[in-house]
Amino acid sequence: SWAQEAGHFRTAGPGGEFRARGFAEGRDFGHGRQIGARLLAMLDNDRVKTALGLTEDQSNRLRQIVLDTEKSNIKTRAEVQVRGIELRELLRADNPDRDAVMKKIDEISALRTEMAKEDVDALLKAKSVLTPEQQKKIRNFIEMRRAGMERDSRTFGWRRQGGGTMRAPQAPAAPKPPATPPDEQ
């Protein structure tokens, strides 16, 4: 994680102080807040619950997993941001204490690792609530969304986002012959 985020460090300002963007700001993996909001919206949608075959108990258990994970991630993200401010201030010194800076980076990395583990734990808990068939339906839904498709509520099929229809790829058209044969020119 540190190696990936190292590219976010840059000099800024006339004093040449360093800022740790991205890494110290607590950016999360996979935009967890958006995913949680989408999952909650899906769990409130009766058509989605029917399509997946979710029972009320499953829906309630999944909702609780999402809410617990969101709360935990918010707290951890806040801790990452606080440590990021502390790191920024350490780096701002004319002669930063290398050991203190490295310790702060380790703290931030540990918190980010904790957040990633919480997300994976939530995924494993959610999978234990779902049947293999429901998991397959969700994977199919995610794959179609990644491919730029959306559910067509009228036909319950898939269509391209933006309203276009889904067609099988066609072979390129053969080039048109010239208007006059080459030997007549």
Side-chain angles (χ1 to χ4, degrees), residues 1-45 48-49 52 54 57-132 134-148:
S1 169
W2 166 246
Q4 291 172 339
E5 297 291 344
H8 290 287
F9 280 85
R10 65 180 177 88
T11 59
E17 69 268 12
F18 287 88
R19 291 191 312 151
R21 291 186 15 214
F23 180 79
E25 292 172 355
R27 295 194 182 150
D28 58 344
F29 300 100
H31 309 291
R33 290 171 288 203
Q34 294 172 356
I35 292 170
R38 282 190 217 134
L39 286 172
L40 289 174
M42 286 176 56
L43 292 172
D44 286 337
N45 186 324
V48 171
K49 288 194 294 190
L52 293 175
L54 290 178
D57 179 56
Q58 285 177 310
S59 182
N60 290 336
R61 288 170 55 198
L62 291 171
R63 174 179 299 287
Q64 194 59 53
I65 291 167
V66 172
L67 292 175
D68 291 345
T69 304
E70 276 187 322
K71 289 178 192 178
S72 179
N73 278 343
I74 287 169
K75 291 174 185 174
T76 307
R77 227 180 349 267
E79 282 296 314
V80 169
Q81 290 175 336
V82 168
R83 297 301 193 304
I85 292 168
E86 294 167 354
L87 174 62
R88 182 186 68 212
E89 291 305 304
L90 288 170
L91 290 171
R92 212 178 144 163
D94 289 337
N95 265 333
D97 179 349
R98 180 179 174 74
D99 290 336
V101 167
M102 293 302 167
K103 182 180 177 193
K104 196 59 64 180
I105 290 170
D106 287 341
E107 290 174 16
I108 293 169
S109 293
L111 287 166
R112 291 173 65 85
T113 298
E114 180 184 325
M115 201 163 30
K117 286 181 178 182
E118 289 170 353
D119 289 343
V120 170
D121 186 51
L123 174 68
L124 294 173
K125 287 177 183 176
K127 286 183 85 157
S128 73
V129 171
L130 301 168
T131 67
Q134 289 168 327
Q135 291 178 37
K136 184 177 176 182
K137 287 178 183 179
I138 290 172
R139 273 194 303 272
N140 183 43
F141 178 77
I142 291 169
E143 288 169 10
M144 295 304 280
R145 294 289 294 182
R146 282 186 185 148

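By convention here, the first residue in the shown sequence is residue 1.
With sequence neighbours left out, the side chain to side chain contact (heavy atoms under 4.5 Å, CB included) criterion links Thr69 to Ile65, Asn73, Asp119, Ala122. Remark: Leu90 engages Ala100, Val101, Lys104 in a side chain to side chain contact (heavy atoms under 4.5 Å, CB included) (not counting sequence neighbours).
Val129 and Arg61 get closest at one heavy-atom pair: CG2-NH2, 3.5 Å. Closest heavy-atom contact between Met42 and Lys49: O-CG, 4.3 Å. Heavy atoms only, all atoms of each residue included: Leu40 and Glu70 are closest at CD1-OE1, 3.8 Å. Contact detail for Leu111 and Thr76: the closest heavy-atom pair is O-CG2, 3.4 Å.
Atom CD of Glu118 is separated from atom NZ of Lys75 by 10.0 Å, given to the nearest 0.5 angstrom. For the atom pair OG of Ser72 and CD of Glu114, the computed distance is 6.5 Å after rounding to the nearest 0.5 Å. Taken from CG in Leu87 to CD1 in Ile105, the straight-line distance is 5.5 Å, to the nearest 0.5 Å. In this structure, CZ in Arg77 is found 6.0 Å from CE in Met115, a value given to the nearest 0.5 Å.
A salt bridge does not link Lys117 with Asp121: none of the charged nitrogens is closer than 4.0 Å to a carboxylate oxygen. A salt bridge does not link Asp99 to Lys103: none of the charged nitrogens lies less than 4.0 Å from a carboxylate oxygen.
Without hydrogens or angle criteria, Glu107 side chain to Arg83 main chain gives no donor-acceptor distance under 3.5 Å.
With contacts defined as side-chain heavy-atom distances shorter than 4.5 Å, the pair Leu43/Leu54 qualifies. Side-chain contact check for Arg98 versus Met102: some heavy-atom pair is nearer than 4.5 Å.
In this structure, Lys125 places its NZ atom where only 12 or fewer heavy-atom neighbours from other residues, nucleotides or ligands lie under 6.0 Å away. Within 6.0 Å of CG in Asp57 there are more than 12 heavy atoms belonging to other residues, nucleotides or ligands.
Checking Asp68 against Gln64 by side-chain atom types alone, a donor-acceptor pair falls below 3.5 Å.
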> Given Lys136 and Thr131, is the side-chain contact (heavy atoms from CB on, under 4.5 Å) satisfied, shown in steps?
Replying inline: CA-CA 9 Å; Lys136 184 177 176 182; Thr131 67; over 6 Å; no
